[in-house]
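When a ligand or atom number is given, it counts from 1 through the structure's own listing order. One-based numbering along the sequence shown. Here the structure is a predicted model, which is why all the values come from computation and not from measurement. Scope of the values below: all heavy atoms of this structure, side chains included, with no hydrogens, waters or symmetry mates.
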Amino acid sequence: MTDEPFVLGWEEWASFSGLALPAIKAKVDTGAKTSALHAVAIEPFGPDDKPQVRFVMHPIPDQPDLEVVCAAPAVDRREVTSSNGETELRWVIEANVTIGERTWPIEVTLTNRENMAYRMLLGRTAILDDMVVSPTQSCAQKELSYDLYQHLPRSKPVHRPLRIAILTREPKNYSSQRLKEAAEAQGHVAEMINTARCTMAINALSPAIYYDGRRLPRYDAVIPRIGASMTNYGMAVLRQFAMTGAYILNTPESIGASRDKLYAHQVLASAGIGMPTTAFAHSPKDTKNLIEHVGGAPLVVKLLESTQGRGVILAETGKAAESVIDAFRGLDANFIVQDFVKEASGVDIRCFVIGGKVVAAMKREAQPGEFRSNLHRGGQASRVRISKDERAAAVKAARALGLSVAGVDLLRSDEGPKVLEVNSSPGIEGIEKSSGKDVAEIIIDHIESHVRALRRPPVRRRKGKSAPTASAD
Ligand SMILES: Nc1ncnc2c1ncn2[C@@H]1O[C@H](COP(=O)(O)OP(=O)(O)OP(=O)(O)O)[C@@H](O)[C@H]1O
Ligand SMILES: [Mg+2]
Ligand SMILES: [Mg+2]
C-alpha cells in the first residue's frame with residue numbers, strides 16, 4: 001500500500017468489461033459534473049422495476065462501421081447541459097469503469113458524441129477522493145489499443161424493415177394514406193395511431209404508451225400528423241414516443257414553436273428571414289400605433305386562430321383598418337396586423353422542405369377579386385419554379401423552427417421572398433398533384449436514412465432511387 005495518489009492525465013484509456021467495451025479513449029474533464037458516453041439508438045427495455053437501456057456504441061471515432069451493442073441498468077433520466085449550453089434529457093446508467101489498475105462504479109449519461117473527438121468524457125463525480133488529475137500528462141495510466149476490437153465482425157448495412165407509426169386522427173385522408181402506402185412500398189410496416197386514443201404511463205425509466213388499453217410496441221419512427229386541436233396532447237404523446245427511442249420526424253418542440261404564431265414570427269425574424277412587417281398588441285388604446293407600425297393601410301389583419309384564410313382580412317384604408325381591429329378587439333380575439341404585400345397579386349408559394357431541402361414547390365393563385373390564395377378560398381394550385389433566394393428562405397425558415405418536414409409559405413415581394421408561415425404537418429395532396437413529385441416517398445426515404453444513420457453513419461443510398469435532393473420546379 002502506498003500513499004501515492006492515483007494520477008489521471010488529461011486523457012486516459014478506459015474500459016468497461018460489463019458493456020463489452022475493452023478500450024475507449026476518454027477525455028478527463030473536471031469542468032464537467034457527469035461522465036458521458038457516446039450512444040445512439042438508445043432504447044429502454046426490461047421490466048418496470050428493473051429498467052435497462054440498450055444502445056449502440058461506435059468506440060473508434062474514425063470507424064463508424066464498427067459497432068458494439070451495449071446494455072446496462074438505467075438508474076435515472078436527467079437534464080444535462082452540455083458545454084455548448086444545450087440542455088438534453090439523457091439516460092443515466094451505472095457501470096464499472098477500469099482505468100489502469102483500478103476498477104470502480106461510475107454513473108454515465110448517454111448521448112450522441114458522434115461529432116466529438118472523444119467517445120467518452122470522464123466528469124468530476126467519477127473521480128474519487130484519492131485521485132488527482134494532472135493536466136500536463138496524457139495517459140498517466142496504462143495505454144490500451146483499438147486493436148482489442150479486431151475480433152469483432154464489421155457490420156454490413158442490413159435493410160431491416162422499419163416499424164413506423166403515423167400519428168393522426170384522420171387515418172383515411174390523402175396524406176395519411178399516401179405515407180402508409182409509401183412506407184409499405186419500401187418494405188416497412190406502417191400503422192395509423194389515433195393520437196386521441198393514446199394514454200401514457202408517465203414513469204421516467206420505463207415510458208409506455210397504451211392504445212385502447214394495450215401497450216404499444218416500440219416503433220423505429222413516428223410521423224406526427226397532429227391537428228391544431230390536439231397540439232398540446234399530441235406533443236405529450238410525441239415526447240413519450242421519443243423516450244421509447246423512436247425517431248420523431250418533427251420534434252414536439254418544433255411543432256409547438258411553429259403552432260405558436262407569435263413565437264414563430266419572433267423566431268423567424270431573429271433568424272433574419274424576410275417577412276411582411278408584422279405587429280401585435282393587446283391594449284385597445286394602441287389601434288393607431290398598430291397601424292403605424294406596419295406603415296399604414298392597406299394592411300392585412302389576421303385572426304391567430306384562423307385557418308384556410310377564413311380570418312384574414314384586407315383593410316384598404318386607415319378607416320377600414322381601424323374598424324376591423326376594433327371589431328376583433330371587441331371579440332377579445334388574438335390577431336396580428338401585417339403590411340399588405342400588394343405585388344404578390346394573390347399568389348403565394350408553398351415550398352415543401354424535407355431534411356433541409358426544398359423537394360417540391362407549388363404556386364397557389366387566388367381567384368379574381370380575391371387576395372387570399374388558399375385552396376379553400378377557391379385558389380388554384382400549379383407547378384412553379386422557385387428562385388435560389390426563395391429556396392434559401394424556405395430552408396432557413398424550416399431550420400430556424402427545427403422542423404425536418406415543413407410547408408413554408410412565402411410571398412413574392414419587391415424586396416425578395418417574404419415568409420408568411422411555416423406548417424409542421426403540411427398536406428401532401430395539393431403538392432403531389434401539382435408538382436408531380438412523390439413527396440410521401442421522399443419523407444419515407446428521409447426517415448429510413450435517419451433511422452439507419454442513428455445506427456450506422458455514414459449512410460449509403462440505394463441505387464436507382466430519386467434522391468431527396470431532386471430539384472423542385
Ligand atoms: N401580408 C400579406 N400580404 C399579401 N397577401 C397576404 C398577406 N398575408 C396573407 N396573404 C394572403 O392570404 C392568404 C391567407 O393568409 P395566411 O396564410 O396568413 O392565413 P391562413 O391561411 O388563414 O392561415 P393558415 O395557413 O395557418 O391556415 C395567404 O395565402 C396569402 O395569399
Ligand atoms: Mg395560409
Ligand atoms: Mg397553415
Closer than 4.0 Å to some heavy atom of [X] - which atoms of ligand 1 meet that?
X    : result
F340 : 3 (N), 4 (C)
E421 : 17 (O), 23 (O), 24 (P), 25 (O), 26 (O)
V300 : 1 (N), 2 (C)

Measure [X] to ligand 1 on non-hydrogen atoms and call it side chain, backbone, both or neither using the 4.0 Å cut-off.
X    : value
S373 : both
Q338 : side chain
D339 : backbone
K342 : neither
V341 : both

Ion pair [X]/[Y], N-O distance below 4.0 Å:
X    : Y    : result
R78  : E107 : yes
R412 : D348 : no
R163 : E191 : yes
E184 : K180 : yes

Derivation and outcome, salt bridge (charged side-chain N to carboxylate O under 4.0 Å, His left out), residues R218 and D220:
CA-CA 7 Å; R218 183 185 173 275; D220 296 295; 3.5 Å; yes

The Mg ion (ligand 2) is nearest to which N, O or S atom of E421?
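For E421, the N/O/S atom sitting closest to the Mg ion (ligand 2) is OE2.
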
Mind telling me whether H450 and Y247 have parallel, tilted or perpendicular rings, with 30° and 60° as the class edges?
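Correct class here is parallel.
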
Option with minimal heavy-atom separation from [atom], where the choices are [options]:
atom                    : options                : answer
atom 13 (C) of ligand 1 : T277, V312, N374       : N374
atom 23 (O) of ligand 1 : R259, K302, R377, K261 : K261
atom 2 (C) of ligand 1  : V422, D348, L411       : L411

Is the backbone of T87 close enough, under 3.5 Å, to the side chain of T81 for a donor and an acceptor to pair up by distance?
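No, the answer is negative, given that no donor and acceptor are paired below the 3.5 Å cut-off.
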
CD1 on I166 to CZ on R178, rounded to 0.5 Å:
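Taking CZ in R178 and CD1 in I166, the distance rounds to 11.0 Å.
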
Would you say ligand 1 has an N or O under 3.5 Å from any N or O of Q308?
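For ligand 1, there is an N or O atom that lies under 3.5 Å from one belonging to Q308.
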
In chain order, what residues pass the side chain to side chain contact (heavy atoms under 4.5 Å, CB included) check against P73, with sequence neighbours excluded?
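P73 satisfies side chain to side chain contact (heavy atoms under 4.5 Å, CB included) with no residue once adjacent residues are dropped.
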
State if D409 counts as touching ligand 1 under the rule of any non-hydrogen atom under 4.0 Å.
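The answer is no: ligand 1 sits nowhere under 4.0 Å from a heavy atom of D409.
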
Using heavy atoms and a 4.0 Å limit, tell me yes or no: is G309 in contact with ligand 1?
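Per 4.0 Å heavy-atom rule, G309 contacts ligand 1.
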
For F280, all residues meeting ring-ring contact (aromatic ring centres under 6.0 Å, His included), sequence neighbours excluded:
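ring-ring contact (aromatic ring centres under 6.0 Å, His included) check on F280 returns nothing, list empty.
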
